[in-house]
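A short worksheet on the structure shown next.
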Amino acid sequence: MPAASTAFKVYPPCADAPPPLPEPAREDIRLEHVLAALADPLRLTIVRKLLLEAEEFDHPCGWFGIDRPKSSLTHHFRVLREAGVTRQRQYGLERRSQVRVDDLQERFPGLLDLVAAWHP
């Protein structure tokens, strides 16, 4: 009997939200790229926090409360975006992120449930 799937909140973009930064199309998201991106504990923590604690459409880097250099965080967020795990939008000098819940649930059912159940 399959496990019940968790319903993650999906917030629609604000009407005046900027377009997303370049990302793979849903059909081009590859499991090996997603798993490679999620293999890093910091990136896994970022995605889990977005899944379980997001309160709005997208979140800036400061929301995560991660004590790392900005260049390191930029790298981790880029890896997640380029793998198709997150979507980022540029708001002036700030990039904000959200998990591509619908795309990942469609491509890899149950994967986000595993991420949410992971404990650091």
Side-chain angles (χ1 to χ4, degrees):
M1 185 166 153
S5 181
T6 304
F8 301 106
K9 293 180 183 175
V10 179
Y11 295 94
C14 302
D16 60 346
L21 297 173
E23 63 186 31
R26 176 185 285 187
E27 62 273 7
D28 295 331
I29 299 173
R30 299 180 51 112
L31 181 60
E32 64 270 25
H33 297 162
V34 171
L35 293 177
L38 294 175
D40 183 278
L42 179 61
R43 292 193 290 263
L44 191 54
T45 299
I46 289 169
V47 175
R48 185 173 184 272
K49 185 170 176 79
L50 280 170
L51 286 173
L52 300 178
E53 298 177 27
E55 300 170 349
E56 55 188 64
F57 171 65
D58 52 10
H59 294 279
C61 292
W63 176 79
F64 296 90
I66 300 170
D67 186 26
R68 295 281 176 94
K70 186 175 180 182
S71 59
S72 174
L73 290 177
T74 298
H75 164 75
H76 288 294
F77 282 102
R78 181 180 49 82
V79 169
L80 289 168
R81 178 176 49 84
E82 290 178 352
V85 178
T86 59
R87 170 166 292 137
Q88 285 188 304
R89 296 176 191 271
Q90 186 83 34
Y91 292 82
L93 297 176
E94 181 178 78
R95 288 187 178 179
R96 297 183 187 175
S97 302
Q98 70 172 149
V99 176
R100 293 175 63 180
V101 172
D102 291 341
D103 293 339
L104 292 171
Q105 294 284 62
E106 174 72 25
R107 294 282 291 147
F108 313 112
L111 178 65
L112 295 180
D113 295 316
L114 293 172
V115 171
W118 175 75
H119 294 284

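Keep in mind that what you see is a predicted model, and the values were worked out from it rather than measured. Start at 1 with the first residue, then count along the sequence.
Transitive grouping of hydrophobic side chains (ILVMFWY, heavy atoms separated by less than 4.5 Å) brings Leu104 and Trp118 into a common cluster. No single ILVMFWY cluster, assembled from side-chain heavy atoms under 4.5 Å apart, contains both Leu114 and Leu50. Under the 4.5 Å side-chain heavy-atom criterion for grouping Ile, Leu, Val, Met, Phe, Trp and Tyr, Leu35 is connected to Phe108 within one hydrophobic cluster. Cluster annotation: Val79 is not connected to Leu44 through the hydrophobic network of ILVMFWY side chains, with a link wherever side-chain heavy atoms come within less than 4.5 Å.
For residues 31-46, the set of pairs meeting the salt bridge (Lys or Arg N to Asp or Glu O under 4.0 Å) definition, not counting sequence neighbours, comprises Arg30-Glu32.
Going from atom CD1 of Ile66 over to atom CG of Leu73 covers 5.5 Å, rounded to the nearest 0.5 Å. In this structure, CG in Leu52 is found 10.0 Å from CG in Leu112, a value given to the nearest 0.5 Å. With values rounded to the nearest 0.5 angstrom, His33 atom NE2 is found 14.0 Å from Leu80 atom CG.
Qualifying salt bridge (Lys or Arg N to Asp or Glu O under 4.0 Å) partners for Arg68, counting only residues two or more places apart in sequence or in other chains: none. In terms of the side-chain hydrogen bond (donor to acceptor under 3.5 Å, both in side chains) criterion, residue partners of Gln90 (sequence neighbours excluded) are, by chain and number, Arg95. Under the rule for a salt bridge (Lys or Arg N to Asp or Glu O under 4.0 Å), the partners of Glu82 that lie at least two apart in sequence or sit in another chain are Arg78. Here Arg81 pairs with nothing under the salt bridge (Lys or Arg N to Asp or Glu O under 4.0 Å) rule; sequence neighbours left out. Looking at residues two or more places apart in sequence or on another chain, you find a side-chain hydrogen bond (donor to acceptor under 3.5 Å, both in side chains) between Glu23 and Arg87.
Side-chain contact check for Val101 versus Leu51: some heavy-atom pair is nearer than 4.5 Å. You'll find the side chain of Arg100 reaches within 4.5 Å of the side chain of Ile29, heavy atoms only. Between Ile46 and Phe77, some side-chain heavy-atom pair lies under the 4.5 Å cut-off.
Nearest approach of Pro24 to Ala83, heavy atoms of both residues: CG-C, 4.1 Å.
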